[in-house]
Amino acid sequence: MTRVLYVNPEKISLKNIKYAAELIRKGGLVAFPTETVYGLGTNAFDAYAVARIFEVKKRPRFDPIIVHIFSKKDIKNICFDVDERANMLMDRFWPGPLTLLFSKSDHVPDIVTAGLPTVAVRMPAHPVARELIKEARTPIAAPSANPFGYLSPTTSHHVVEQLGEKVDVILDGGSCPLGIESTVLDVTKTKPVLLRPGGLPIEEIESVIGEVTLSSSSKKPHSPGQLPCHYAPKTPIRILNKYKRIQTGKRIGLLAFTDPKKQEQYEMVEVLSSKGDLREAAANLFSCLHRLDQAGLDVIYAEAIEEKGLGRAIMDRLHRASAKRSSISSI
Ligand code: TXA
Ligand code: MG
């Protein structure tokens, strides 16, 4: 049985928080209340633990995840290029239901941002979330604590029903005061772009920094991970199957699932997981793709993985990356 530990938000006792924080430090998964919805969190710097979040959420694809911080100085390790506008927003609305996008620092594993060059950061206001991040002494990467296709949970009961056994511990801090996810704003653009309407009204943001652009995805019901800016490698990618012949005379890279038997024809090989562990493979996927993409290859062949569990999300990523280039049929 998953442990559900109660923490009174009005009178925090640190015992349960410290227990959960220790789990997070060790790469465990903790569901915790925020002022918006319950999050499913782990150490943001631990790629393997973040891969487990995707596994538990059963998402058929990777979506970028918000990094939750305790204090403003925590952003130093996470992002850069924080301008005056962003500072004004942070000073006014943090802690609170506003998530800001910044340029991502190399310390943050690529799986957290699903390979994007930007990272979403938020400082939650809920006392339980705040104490948890503080005691964990690390930023916490956390999506909403619901499986794919379900509504975001606003009570610990929802989390128990939706994710139950798959979480190491659930911190029960009562129901979430706002009950709607945070507003997501991209401040890396000359004119800030609203990516997801949420708990902080756009008018309040505009009263501080002026007009904000509404992205097309923020006008319709949002669909995370469908953002047009999703990272796509420059090098064409082909999914390897037994019918596909490897071309000669080209600089070819291989994205292998486990250690490949034949390597001679490849200029460069990246292995997702020598021991064939899907979680490790997911944790390595984006950094392997980045390295292959930067190697000046003509084409990258990617081994197909069985579309089960995290294998589905990995293949979704590879299919989308390869479909983009299907028009370049000469390669
Ligand atoms: O209120 C909230 O934001 C809750 C609590 C737990 O903090 N979290 C939450 O996370 O709703 P999630 O993963 O369910 O939604 C995060 C949204 C998604 O739409 C995702 O695509 C977007 O933020 N997002 C995250 N990082 C992004 C990035 N680098 N670029 C664009 N969009 C990003
Ligand atoms: Mg969500």
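Just so you know, ligand 1 is whichever comes first in the structure, and atom 1 is the first atom listed for that ligand.
The shortest N/O to N/O separation between Thr99 and ligand 1 does not fall below 3.5 Å. Distances between N or O atoms of Thr118 and those of ligand 1 include at least one value under 3.5 Å. Residue Lys57 places no N or O, backbone or side chain, under 3.5 Å from any N or O of ligand 1. At under 3.5 Å, not a single nitrogen or oxygen of Thr34, backbone or side chain, sits near a nitrogen or oxygen of ligand 1. The distance criterion of under 3.5 Å between nitrogen or oxygen atoms is met by Ser182 with respect to ligand 1.
Note on Arg59 versus Asp316: no salt bridge recorded, every NZ/NE/NH1/NH2 to OD/OE distance being 4.0 Å or above. A salt bridge between Arg279 and Asp277 is absent, with no side-chain N of the basic residue lying under 4.0 Å from a carboxylate O of the acidic one. A salt bridge is absent between Arg312 and Glu307: the closest approach of a Lys/Arg side-chain nitrogen to an acidic carboxylate oxygen does not fall below 4.0 angstrom.
Aromatic pair Phe32/Tyr38: centroids not less than 6.0 angstrom apart. Remark: aromatic rings of Phe286 and Phe62 are close, center separation under 6.0 Å.
The atoms of ligand 1 that sit less than 4.0 Å from any heavy atom of Thr36 are 1 (O), 2 (C), 4 (C), 5 (C). Close contacts between ligand 1 and Ala120 involve ligand atoms 25 (C), 26 (N), 27 (C) [criterion: under 4.0 Å to a heavy atom]. Those atoms of ligand 1 with a heavy atom of His68 less than 4.0 angstrom away are 5 (C), 6 (C), 7 (O). Ligand 1 places these atoms under 4.0 Å from at least one heavy atom of Pro143: 10 (O), 12 (P), 13 (O).
Of all the heavy atoms of Lys104, none lies under 4.0 Å from any atom of ligand 1, so neither backbone nor side chain is involved. Of all the heavy atoms of Asp63, none lies under 4.0 Å from any atom of ligand 1, so neither backbone nor side chain is involved. For Leu195, every heavy-atom contact with ligand 1 shorter than 4.0 Å involves the side chain, none the backbone.
For the residue pair Arg196/Thr99, the side-chain donor-acceptor check at 3.5 Å is not satisfied. A donor atom on one side chain and an acceptor atom on the other are not found under 3.5 Å apart for Glu181 and Thr36. Side-chain contact check for Ser175 and Thr155: no donor-acceptor pair (N or O, by modelled atom type) lies under 3.5 Å. No side-chain N or O of Lys26 forms a donor-acceptor pair with one of Asn43 less than 3.5 Å apart.
Here the side chain of Asn77 pairs no donor or acceptor atom with the backbone of His107 at under 3.5 angstrom.
The Mg ion (ligand 2) has an N, O or S atom of Ser144 closer than 2.8 Å.
Here the shortest heavy-atom distance to atom 10 (O) of ligand 1, taken over Gly39, Pro97, Gly41, Ser144, belongs to Ser144.
Heavy atoms of Leu116 come nearer than 4.0 angstrom to ligand 1 in at least one pair.
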